[in-house]
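Given the structure is predicted, the values throughout are model-derived calculations rather than measurements.
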Amino acid sequence: MTAMPRPSFKLAAEAGPEAVRLRLAGDLDYDTADELLQYAHRCMAEQSRLRALHLDCSQLRACDSMGVSTLIQIHRSSTARDVRLHLENPPPFLERLLRVTGIRHLFAPDGREPRQASRTHADEAPAPAEAQAQTSPPPAPTV
């Protein structure tokens, strides 16, 4: 039996006194998500003045349910530490995944406040009817 090659995932960091930018590349999935989670937690623990954590997703190729769970876990940890979490340059597949799962509101896009009603070409499919009918965001899933 031939072993499957491990999906590639690269993580690069740029740190300032109050902000860290993590550049993600490759596949954020079951095999790689823990690497991101551990690194993000380490950044938040080691930098007491940290106020913003930016995840540059422009080079992500894929994100599975474990990747989504990891983003939620990082959001919870950053919120508990009063660190603002930003998703920068999410590819269309990630933008749609976050919207369809109802968690887009948790992440400030590109350092700005989350958008309420704007749509990109990647978001052309209408949201599920139950998501459109909601007036407040759903509670975060328990992980």
Side-chain angles (χ1 to χ4, degrees), residues 2-128 130-132 134-143:
T2 304
M4 296 294 290
R6 181 182 167 147
S8 66
F9 179 73
K10 293 185 178 154
L11 183 59
E14 298 170 7
E18 294 185 359
V20 171
R21 174 170 286 108
L22 301 179
R23 296 188 187 281
L24 315 178
D27 299 343
L28 183 58
D29 60 17
Y30 179 82
D31 292 324
T32 63
D34 194 53
E35 181 180 347
L36 172 60
L37 182 62
Q38 296 305 319
Y39 198 87
H41 282 167
R42 193 171 333 122
C43 287
M44 288 186 275
E46 292 175 356
Q47 292 190 272
S48 61
R49 293 179 23 203
L50 189 66
R51 293 291 159 244
L53 178 61
H54 299 263
L55 302 179
D56 181 348
C57 300
S58 62
Q59 298 300 310
L60 275 183
R61 291 186 314 228
C63 182
D64 70 1
S65 60
M66 191 64 165
V68 170
S69 175
T70 297
L71 293 175
I72 293 170
Q73 290 177 59
I74 293 171
H75 175 266
R76 287 181 179 161
S77 298
S78 65
T79 300
R81 290 181 167 99
D82 198 26
V83 174
R84 182 91 168 139
L85 180 61
H86 305 271
L87 285 184
E88 298 177 338
N89 309 308
F93 76 85
L94 183 58
E95 218 22 274
R96 185 173 193 287
L97 182 61
L98 296 173
R99 187 179 51 77
V100 167
T101 57
I103 61 171
R104 185 61 180 108
H105 67 279
L106 299 177
F107 309 100
D110 297 327
R112 297 183 305 268
E113 289 301 311
R115 292 176 284 207
Q116 296 300 317
S118 64
R119 288 181 168 234
T120 64
H121 293 296
D123 296 331
E124 302 223 349
E130 61 274 6
Q132 290 176 351
Q134 290 179 305
T135 57
S136 62
T142 306
V143 181

Problem set entry | CA sep, side-chain torsions, deciding dist, call: L71, L55, side chain to side chain contact (heavy atoms under 4.5 Å, CB included) | CA-CA 10 Å; L71 293 175; L55 302 179; 3.7 Å; yes
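Ring geometry, H54 versus H86: the interplanar angle falls under 30°, so the pair is classed parallel (tilted spans 30 to 60°).
Here the closest non-hydrogen pair linking T70 and A33 is OG1-CB, 3.1 Å. Pairing each heavy atom of L53 with each of M44, the nearest pair is CD2-CE, 4.4 Å. For the residue pair L85 and S78, the shortest heavy atom distance occurs at CB-OG, 3.6 Å. Taking each heavy atom of L24 and F9 in turn, the nearest pair found is CD2-CZ, 4.1 Å. Between L87 and C57, the shortest heavy-atom contact is CD2-SG, 3.8 Å. Annotation for F93 and C63: closest pair CE1-N, 3.6 Å, computed over non-hydrogen atoms.
Note that the CG atom of L36 and the CG atom of L28 stand 6.0 Å from one another [nearest 0.5 Å]. How far NZ of K10 is from CG of L60: 13.0 Å, rounded to the nearest 0.5 Å. Separating the CZ atom in R84 from the CG atom in L50 is a distance of 13.5 Å, to the nearest 0.5 Å. Going from atom OG of S48 over to atom CD of E18 covers 10.0 Å, rounded to the nearest 0.5 Å. Between R76 atom CZ and R81 atom CZ the span is 14.0 Å, to the nearest 0.5 Å. Atom CD of E14 and atom CZ of R23 lie 4.0 Å apart (nearest 0.5 Å).
Put simply, the side chain of R99 never gets that close to the backbone of G102: no donor and acceptor are under 3.5 Å apart. A distance-only check finds no donor-acceptor pair linking the side chain of D56 to the backbone of R21 [under 3.5 Å]. Although no hydrogens or angles enter the test, the distance criterion places a donor-acceptor pair under 3.5 Å between the side chain of T32 and the main chain of D29.
In this structure the side chain of V20 reaches within 4.5 angstrom of the side chain of Q47, judged on heavy atoms.
Residues Q73 and S69 bring a donor and an acceptor atom of their side chains to less than 3.5 Å of each other.
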